[in-house]
Chemist: 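Before we start, here is the structure in question, set down as structure tokens.
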Protein chains: 2
Amino acid sequence: MTYESVLLALSDPTRRKVFETVAAKPCAVGAIADQLPVSRPAVSQHLKVLSDAGLVHVTVQGTRRIYAARPEGLAELRAYLDRLWGDVLTEFAKEIEKDNPA
Amino acid sequence: MTYESVLLALSDPTRRKVFETVAAKPCAVGAIADQLPVSRPAVSQHLKVLSDAGLVHVTVQGTRRIYAARPEGLAELRAYLDRLWGDVLTEFAKEIEKDNPA
DNA sequence: GCTTACCGTAAGGCATGACTTACGAATCAG
DNA sequence: CTGATTCGTAAGTCATGCCTTACGGTAAGC
């Protein structure tokens, strides 16, 4: 939902791998777990965190649940980074100007 | 250095606040701690993590150390996000096309 | 209906991480 | 040279997080 939850969700390596997997191609839980060195429940828990952060969404398909990436989640984080990027560049320019006075 | 360390560094709320503070204006350690509900050593430890991630750099000034934000650190993370953004949008487009066949 | 496949949740263990206080090093003021 | 300021690091505590196994619930196949 917020960029803070997105940041926290993507900070874990295996959870980030889970997201990258579904970002490349929508996938069922078991299929994701097969490609990772963790158990299926672990993947399920990671998917819950990603879902709460708004990074993925589910579509039920029989007993299987297909998870897919959601653009809005990443957009949230990108907006925050762009904001921060502006501040950093502004301060960086001031510093350069201080070293090279007109 | 890597986008992974940057992601991890910015995942903590107070550490993120520390970075936002120096991003707005270069600052000494004590001055940062005064604006936060944590002790000065805690800020020092956060600054070390931020420094290892390449997000800040130091300039010694007598006994004081002025920390400032470093654009390259954020650039690393932005590049990773843009890469991910491309994958997500591509998959998103496929999904739309599947629902609205030509 | 009964079995099988797929999945979420609960409970517990174990490592990691964030914070504190205490201490030591380095610099400036007097 | 002494005292004061500023800071980094060490040691220890305590919470949080990630993973595991165990269980229950739902849908498909025969």
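Each chain gets a letter, A, B and so on, in the order its sequence line appears, and its residues count up from 1.
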Chemist: Does the distance from a Lys or Arg side-chain N to an Asp or Glu carboxylate O, for B:Asp12 and B:Lys17, drop under 4.0 Å?
Modeler: no
Chemist: For a 4.5 angstrom cut-off between non-hydrogen side-chain atoms, does A:Tyr80 reach A:Thr2?
Modeler: no
Chemist: Between B:Val88 and A:Phe19, is any pair of side-chain heavy atoms under 4.5 Å apart?
Modeler: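 Contact flag for B:Val88/A:Phe19 side chains = yes.
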Chemist: When you list every nucleotide of DNA chain D with an atom under 4.0 Å from a heavy atom of chain A, which one comes first 5' to 3', and which comes last?
Modeler: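 Footprint of chain A along DNA chain D, 5' to 3': D:dC18 to D:dA28.
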Chemist: Summarise how protein sits on nucleotides 14-26 of chain C as a single string, 5' to 3': B when a protein heavy atom is under 4.0 Å from the base, S for sugar-phosphate-only contact, - for no contact.
Modeler: ----SBBBB----
Chemist: Measure from CG on A:Leu47 to P on C:dC6 and round the result to the nearest Å.
Modeler: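 Spelled out: CG on A:Leu47 to P on C:dC6 is 16 Å.
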Chemist: Nearest 0.5 Å please: distance from the CG atom of B:Leu47 over to the CZ atom of B:Arg40.
Modeler: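 So the gap between those two atoms works out to 11.0 Å.
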Chemist: Measure the shortest side-chain to side-chain distance between A:Arg15 and A:Leu50 over non-hydrogen atoms and say whether it is less than 4.5 angstrom.
Modeler: yes
Chemist: So do B:Val29 and B:Ile66 actually touch side chain to side chain, heavy atoms under 4.5 Å?
Modeler: no
Chemist: Does the side chain of B:Gln45 reach to within under 4.5 Å of the side chain of B:Lys48, using non-hydrogen atoms?
Modeler: no
Chemist: Could you check whether any side-chain heavy atom of B:His57 comes within less than 4.5 Å of a side-chain heavy atom of B:Tyr67, counting everything from C-beta outward?
Modeler: no
